[in-house]
Amino acid sequence: MNFDIIRTGRAILHVTDLDKSRAFYEALGFIETASDDKNLFLRGIEEHNHHSLLLKKAETPVVEVISYKVRSEEDLDRLAAFFEKQGTKVKWMEKGSQEAVGRALRIQDVSGLPVEFYAEMEPAERLLQKYHLHKGAKVQRIDHFNCMVPDVEKAYNYYINELGFSCSEYTAGEEEKIWAAWLHRKPSVHDVAYMNGFGPRLHHVGFWLKDPMNLIDGCDVLASMGYGNAIERGPGRHGLSNAMFLYLRDPDGHRVELYNGDYLTSDPDFKPVRWDLDDPMRQTFWGHEAPDSWFEEASEVLDVHSNEKVKGSEPTLKKRKPTFVT
Ligand SMILES: [Fe+2]
């Protein structure tokens, strides 16, 4: 492939009440770069670009798009040519049509997820060493997307063979069918994970924290501000990825993961780690189960061309008991 996708860039989520969303995300330590009565642009303390999370006021909570940053404008042109050759309809978002972001292209990907690519985003002050401004869980940067799709192998094959992603870890079941896969462009465990389930839906957006104690700080601050019921799962340690995690539900039910401590995957001879579907340690290394909501609930997504909700479908692999699903 002749294009270079750098990393997970931003998510655009529709929310019903910007003030409620602002209070929640600021409690976690997100920094507000800009806002108006329709948009709230948020970034982590390490981020040097305008935003990694854009919340838009809307009637219904839904995912507008998940975005990847590419190396250059030329990469956008090459990606567009690639998609068009494959018969995938491309929607160009011209420079100036979106605040803070240059030219971007959007597609409905092989799983039906709304995906965007952009090269340019306005800079913002990096607050990593402005310690007096760090609050809550001290969210540092966006890390990954996790998506529920009905055919994980289809997504896996496409992102690896066509878009140049690499696999760090995966879960296999009967006949070695891939149940879930963690794929990356940046040298970490993932930029995107796909899990078997009703979809396409966005399961969560993962944000990186500087250390595990920040997960506890996040819980303490949320609880003391009356957001205790936003804590859905964790803190805990994943088997898969080895990272520490905390799953939260925002005021509209969108799920965010606070995440810390995976490992380097840059070596070309790194061998993907296989987990068996029946190994309970892969989802939570310490063995405790996730709640049913974590397996069943996820955010619906929009069609980039029609702006209608994408109709989901049941997974091709048969359902397993939630305790055996990561
Ligand atoms: Fe995650």
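In what follows, residues are counted from 1 in the order of the sequence shown. Read the numbers this way: they start at 1 and go in the same order the structure lists the ligands and their atoms. This one's a predicted model, so the numbers in the text were calculated from it and none came from an experiment.
Tracing side-chain contacts under 4.5 Å through hydrophobic residues (I, L, V, M, F, W, Y), one reaches L222 starting from Y259; they form part of the same cluster.
Residues Y194 and Y156 keep their aromatic ring centres 6.0 Å or farther apart. Ring-centre distance between F165 and Y68: below the 6.0 Å cut-off.
Only protein N, O or S atoms were considered, and those under 2.8 Å from the Fe ion (ligand 1) are H144 NE2, H204 NE2, E257 OE1.
By the 4.0 Å N-to-carboxylate-O rule, R274 lies close enough to E176 to be salt-bridged with it.
Checked against D4 for a salt bridge (Lys or Arg N to Asp or Glu O under 4.0 Å), the options R185, K69, R78 give a single hit: R185.
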Practice task
Walk me through it: do W294 and E232 pass the test side chain to side chain donor-acceptor pair (under 3.5 Å)?
Solution key: CA-CA 8 Å; W294 194 91; E232 183 186 38; 4.6 Å; no

